[in-house]
Amino acid sequence: MISPTDALPDDDVPLTPQQVSSWRDQGFVLVQGLVPEELVSAAQEEMAATPPGPLTRGLMLPSSSDALNKISTHRRPRSAVRQLLGTGSLTLLQSEAWSKSP
(Lines give C-alpha, C1' and ligand atoms only; values in the text may rest on other atoms or scores of the structure.)
Protein backbone atom coordinates (compact mmCIF):
# COMPACT_ATOMS: atom_id res chain seq x y z
CA MET A 1 0.00 0.00 0.00
CA ILE A 2 1.25 3.46 -0.86
CA SER A 3 0.99 6.17 1.77
CA PRO A 4 0.51 9.83 0.90
CA THR A 5 3.23 12.35 1.63
CA ASP A 6 2.54 15.80 3.02
CA ALA A 7 2.30 18.88 0.85
CA LEU A 8 4.62 21.77 1.60
CA PRO A 9 3.11 24.85 3.30
CA ASP A 10 4.15 27.14 0.41
CA ASP A 11 1.06 28.06 -1.67
CA ASP A 12 3.19 28.72 -4.77
CA VAL A 13 5.34 25.56 -4.51
CA PRO A 14 3.25 23.00 -2.60
CA LEU A 15 5.02 19.86 -3.89
CA THR A 16 8.43 18.52 -2.96
CA PRO A 17 10.92 17.60 -5.69
CA GLN A 18 10.36 13.94 -4.72
CA GLN A 19 6.60 14.27 -5.28
CA VAL A 20 7.15 15.82 -8.70
CA SER A 21 9.62 13.03 -9.56
CA SER A 22 7.12 10.38 -8.45
CA TRP A 23 4.49 11.85 -10.77
CA ARG A 24 6.90 12.05 -13.69
CA ASP A 25 8.45 8.60 -13.14
CA GLN A 26 5.46 6.57 -11.95
CA GLY A 27 2.53 8.54 -13.36
CA PHE A 28 1.01 9.37 -9.99
CA VAL A 29 1.69 10.95 -6.62
CA LEU A 30 -0.38 10.86 -3.41
CA VAL A 31 -0.27 14.17 -1.57
CA GLN A 32 -1.96 14.94 1.72
CA GLY A 33 -2.79 18.49 2.73
CA LEU A 34 -2.82 20.06 -0.73
CA VAL A 35 -6.44 21.18 -0.29
CA PRO A 36 -7.60 22.50 3.09
CA GLU A 37 -9.35 19.75 5.07
CA GLU A 38 -12.44 21.90 5.69
CA LEU A 39 -12.98 22.18 1.92
CA VAL A 40 -12.54 18.43 1.46
CA SER A 41 -15.04 17.71 4.25
CA ALA A 42 -17.56 20.19 2.85
CA ALA A 43 -17.22 18.68 -0.64
CA GLN A 44 -17.71 15.17 0.76
CA GLU A 45 -20.91 16.27 2.49
CA GLU A 46 -22.20 17.98 -0.64
CA MET A 47 -21.36 14.98 -2.85
CA ALA A 48 -23.11 12.62 -0.40
CA ALA A 49 -26.30 14.46 -1.35
CA THR A 50 -25.62 13.81 -5.06
CA PRO A 51 -26.82 10.30 -5.88
CA PRO A 52 -24.84 8.24 -8.39
CA GLY A 53 -26.38 8.21 -11.82
CA PRO A 54 -25.68 8.21 -15.53
CA LEU A 55 -22.74 10.12 -16.94
CA THR A 56 -24.90 13.19 -17.41
CA ARG A 57 -25.36 13.65 -13.64
CA GLY A 58 -21.92 14.96 -12.69
CA LEU A 59 -21.35 18.41 -11.26
CA MET A 60 -19.50 20.76 -13.58
CA LEU A 61 -17.80 24.06 -12.74
CA PRO A 62 -19.51 26.29 -11.90
CA SER A 63 -21.69 23.92 -9.92
CA SER A 64 -24.25 24.12 -7.16
CA SER A 65 -21.50 22.94 -4.78
CA ASP A 66 -19.66 25.88 -3.26
CA ALA A 67 -16.94 23.58 -1.89
CA LEU A 68 -16.29 21.92 -5.27
CA ASN A 69 -16.12 25.31 -6.96
CA LYS A 70 -13.57 26.46 -4.39
CA ILE A 71 -11.47 23.29 -4.76
CA SER A 72 -11.48 23.62 -8.57
CA THR A 73 -10.16 27.17 -8.40
CA HIS A 74 -8.04 26.90 -5.24
CA ARG A 75 -4.51 28.27 -5.54
CA ARG A 76 -2.66 25.23 -4.11
CA PRO A 77 -3.87 22.53 -6.53
CA ARG A 78 -3.37 24.92 -9.43
CA SER A 79 0.19 25.60 -8.24
CA ALA A 80 0.79 21.85 -7.92
CA VAL A 81 -0.38 21.28 -11.50
CA ARG A 82 1.95 24.05 -12.71
CA GLN A 83 4.82 22.29 -10.90
CA LEU A 84 3.96 18.91 -12.39
CA LEU A 85 3.66 20.28 -15.92
CA GLY A 86 6.69 22.54 -15.55
CA THR A 87 4.83 25.64 -16.70
CA GLY A 88 4.09 29.08 -15.32
CA SER A 89 0.84 29.34 -17.26
CA LEU A 90 -2.28 27.32 -16.61
CA THR A 91 -5.85 27.69 -17.84
CA LEU A 92 -8.69 25.72 -16.24
CA LEU A 93 -10.97 24.57 -19.04
CA GLN A 94 -13.14 22.06 -17.23
CA SER A 95 -13.76 20.65 -13.77
CA GLU A 96 -16.22 17.87 -12.94
CA ALA A 97 -17.15 15.77 -9.92
CA TRP A 98 -18.99 12.45 -10.08
CA SER A 99 -20.81 10.66 -7.31
CA LYS A 100 -19.88 7.00 -7.01
CA SER A 101 -21.57 4.12 -5.20
CA PRO A 102 -19.61 2.94 -2.13
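Side chain of Gln83 to backbone of Leu15: a donor-acceptor contact under 3.5 angstrom is found. Side-chain atoms of Arg82 never come within 3.5 Å of backbone atoms of Thr87 as a donor-acceptor pair (strictly under, hydrogens ignored). Judged purely by atom type and a 3.5 angstrom limit, Arg24 uses its side chain to pair as donor or acceptor with the backbone of Leu84. Put simply, the side chain of Arg76 gets close to the backbone of Gly33: a donor and an acceptor are under 3.5 Å apart. Proximity of a side-chain donor or acceptor of Ser41 to a complementary backbone N or O of Glu37 within less than 3.5 Å is detected. Without hydrogens or angle criteria, Ser79 side chain to Asp11 main chain gives a donor-acceptor distance under 3.5 Å. In this structure, the side chain of Gln19 engages the main chain of Thr16 through a donor-acceptor pair within 3.5 Å.
Side-chain contact between Asn69 and Ser63 is present, with heavy atoms from C-beta onward closer than 4.5 Å. Asp12 has its side chain within reach of Arg75: a pair of non-hydrogen atoms, C-beta onward, lies under 4.5 Å apart. Considering only heavy atoms from C-beta on, Leu61 stays 4.5 Å or farther from Leu68 through its side chain. Taking the side chain as every heavy atom from C-beta outward, Leu39 and His74 approach each other to under 4.5 Å.
The heavy-atom pair separating Gln32 from Pro4 by the smallest distance is OE1-CG, 3.6 Å. The two residues Thr73 and Leu92 come nearest to each other via the heavy atoms CG2-CD2, 4.3 Å. Pro14 approaches Ala80 most closely through the heavy-atom pair CG-N, 3.8 Å.
To the nearest 0.5 Å, atoms CE (Met47) and OG (Ser65) are separated by 7.5 Å.
Note: the hydrophobic cluster containing Val13 does not contain Leu85 (ILVMFWY, side chain heavy atoms under 4.5 Å, direct or indirect links). Val31 and Val20 fall within the same hydrophobic cluster, where Ile, Leu, Val, Met, Phe, Trp and Tyr residues are linked whenever their side-chain heavy atoms come under 4.5 Å apart, directly or through other members. In the hydrophobic clustering of ILVMFWY residues, with side-chain heavy atoms under 4.5 Å counting as a link, Phe28 and Val35 come out apart. When the side chains of ILVMFWY residues are joined at heavy-atom separations under 4.5 Å, either directly or via intervening members, Leu90 and Ile71 end up in two distinct hydrophobic clusters.
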